[in-house]
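Quick note: numbers below take in every heavy atom, side chains included, and nothing from hydrogens, waters or symmetry partners. Residue numbers run from 1 in the order of the sequence given.
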Amino acid sequence: MRLRRILPIAAVLPALFATSACSGASDESGKSTGKPEASASAGGAEQAARKAEAEAKRIGAVGPAALTKLTLTGKAAGFDARTVPAGQTEAGREMKADKAACQPLASLAGGYTHLPSVGVEHRSLDPLEAKNATVGSMWVVSHSPQDAQRVMSDLRTSLKECPKGFKTLGLAYTDVRAVPAPELGDETVGYRITNVVGKQNVSMTYTVVRAGGLIAAFYGVNMLTPAHSAIPEPLVRAQLERLKG
């Protein structure tokens, strides 16, 4: 079904719409760089990676290299978890809410947390069974234990203060409400929010779990049965088991 093929890309992160809008300029830039600049870019990436690993060690967080290994990839619990290139998610960092109190929600809508992290891994989630209409994405974010606790605390506050939603990057999010979530990890928050895309309302369910300094966020959409849009608990459990190393 074509709907399933489209949603993991278009619905993984609302910020991807912004990425697509900017892709033309990026392509032109890439064509004119040449090998010397590409080599310099690779060197810069290596330097950034070393800096991130050092910062993770300093604050007692999981480093980017270990985070990649701890994030599900491939088939698990009825889904195919596929790596999302960093270039397709970077625009999500710019998801700034029009109301400061709603920023934790806006950042998660973009595939990040509102506090800076030392690493993040994104995966798209495509169901393996044709009868499963729930698609979406997940991302695992590395923080210090203290910052991870604050992410969850601020998220709960945001849910209380933003029931009518917010706007960001020209996108409107409405009808924010907490929903039951499986009691996993150290703490879990579940909520449902509606994204207004043109004249269509898309109901999305988030399950956010903290395990020490790691935040695992799961985002699901079910266009046929919105009430069943949460990513199923078996997949959430599979990811948490992976985080135990």
Side-chain angles (χ1 to χ4, degrees), residues 12-15 52-53 55-64 66-68 70-72 84 86 89-123 125 136-163 165-166 168-169 173 176-193 204-220 230-231 233 235-237 239-240 242-245:
V12 165
L13 303 170
E53 292 289 351
E55 176 63 10
K57 184 177 181 179
R58 184 185 73 82
I59 65 175
V62 174
L67 187 64
T68 300
L70 292 174
T71 305
L72 285 176
V84 181
T89 65
E90 198 61 29
R93 295 184 189 275
E94 303 305 317
M95 300 284 275
K96 303 300 181 184
D98 60 342
K99 306 170 186 175
C102 306
Q103 189 56 49
L105 293 167
S107 292
L108 284 170
Y112 292 88
T113 52
H114 66 291
L115 297 183
S117 68
V118 295
V120 57
E121 286 285 328
H122 291 92
R123 301 288 184 269
L125 299 175
S137 63
M138 58 171 276
W139 51 99
V140 182
V141 192
S142 179
H143 288 282
S144 68
Q146 295 81 2
D147 276 358
Q149 290 177 42
R150 182 182 162 191
V151 166
M152 300 299 282
S153 176
D154 289 353
L155 176 58
R156 289 190 175 91
T157 299
S158 193
L159 285 172
K160 294 178 181 178
E161 297 187 4
C162 301
F166 56 93
T168 177
L169 292 182
Y173 293 83
V176 181
R177 62 183 67 185
V179 298
E183 295 184 3
L184 300 172
D186 295 316
E187 53 182 323
T188 309
V189 173
Y191 63 95
R192 188 165 295 143
I193 188 170
M204 309 172 293
T205 301
Y206 287 78
T207 302
V208 185
V209 186
R210 181 180 70 83
L214 296 173
I215 300 291
F218 304 82
Y219 156 91
I231 296 301
E233 184 175 333
L235 182 65
V236 179
R237 286 185 177 277
Q239 176 56 76
L240 290 180
R242 187 68 171 268
L243 294 182
K244 295 178 181 179

With distance as the sole test, does His122 use its side chain to make a donor-acceptor pair with the main-chain N or O of Thr89 at under 3.5 Å?
no
Mind listing the closest non-hydrogen atom pair of Ala101 and Glu161 along with its distance?
CB-OE1, 3.1 Å
Please tell me if the side chains of Leu70 and Val140 come closer than 4.5 Å, counting only heavy atoms from C-beta onward.
no
Look up atom CD in Glu94 and atom OG1 in Thr168, then write down how far apart they are to the nearest 0.5 Å.
9.0 Å
For the student: nearest non-hydrogen atoms of Ala181 and Thr188, plus distance
CB-CG2, 3.6 Å
Hey, is the main chain of Val62 close enough, under 3.5 Å, to the side chain of Ser142 for a donor-acceptor pair?
yes
What residue pairs, at least two apart or across chains, pass salt bridge (Lys or Arg N to Asp or Glu O under 4.0 Å) with a residue in residues 139-155?
Arg150-Asp154
Could you tell me which non-hydrogen atom of Pro145 sits nearest to which non-hydrogen atom of Ile59, and how far apart they are?
CD-O, 4.1 Å
Could you check whether any side-chain heavy atom of Gln239 comes within less than 4.5 Å of a side-chain heavy atom of Leu243, counting everything from C-beta outward?
yes
I'd like to check Gln149 versus Asp186 (side-chain heavy atoms, cut-off strictly below 4.5 Å). Are they in contact?
no
Please examine the side chains of Trp139 and Thr71, heavy atoms only from C-beta on, and report whether any two atoms are closer than 4.5 Å.
no
Test item: Leu72 and Leu235 side chains (from C-beta on) under 4.5 Å apart, heavy atoms
yes
Exercise answer: donor-acceptor pairs, residues 207-214 side-chain atoms, under 3.5 Å, sequence neighbours excluded:
from, atom 1, to, atom 2, distance (Å)
Arg210, NE, Glu187, OE2, 2.6
Arg210, NH1, Gly212, O, 3.0
Arg210, NH2, Glu187, OE2, 3.4

Do the rings of Tyr191 and Tyr206 sit parallel, tilted or perpendicular, given the 30° and 60° boundaries?
parallel
Before you tell me yes or no, could you show the steps for Ile231 and Met138 under side chain to side chain contact (heavy atoms under 4.5 Å, CB included), namely the whole-Å CA-CA distance, both residues' side-chain angles and the distance that decides it to 0.1 Å?
CA-CA 9 Å; Ile231 296 301; Met138 58 171 276; over 6 Å; no
Ring pair (Phe, Tyr, Trp, His ring centres under 6.0 Å) against Phe166, all qualifying residues, sequence neighbours excluded
Tyr173
CD of Glu233 to CG of Leu184: how many Å apart, nearest 0.5 Å?
5.0 Å
Run Gln103 and Ser107 through side chain to side chain donor-acceptor pair (under 3.5 Å) and show every step you take.
CA-CA 6 Å; Gln103 189 56 49; Ser107 292; 2.9 Å; yes
If every non-hydrogen atom of Leu240 is compared with every non-hydrogen atom of Gly185, which pair is closest and at what distance?
CD1-N, 3.8 Å
Heavy-atom pair with the smallest gap, counting every atom of Cys102 and Ser158:
CA-OG, 3.4 Å
Point-to-point distance, once rounded to the nearest 0.5 Å, from CE of Met95 to NE2 of His114:
15.0 Å
Minimum heavy-atom separation for Ala56 and Gly63, please, with both atom names.
CB-CA, 3.6 Å
Within a strict 4.5 Å, meaning less than it, do heavy atoms of the Leu105 and Cys162 side chains meet?
yes
Do the side chains of Pro64 and Glu53 get nearer than 4.5 Å, heavy atoms only?
yes
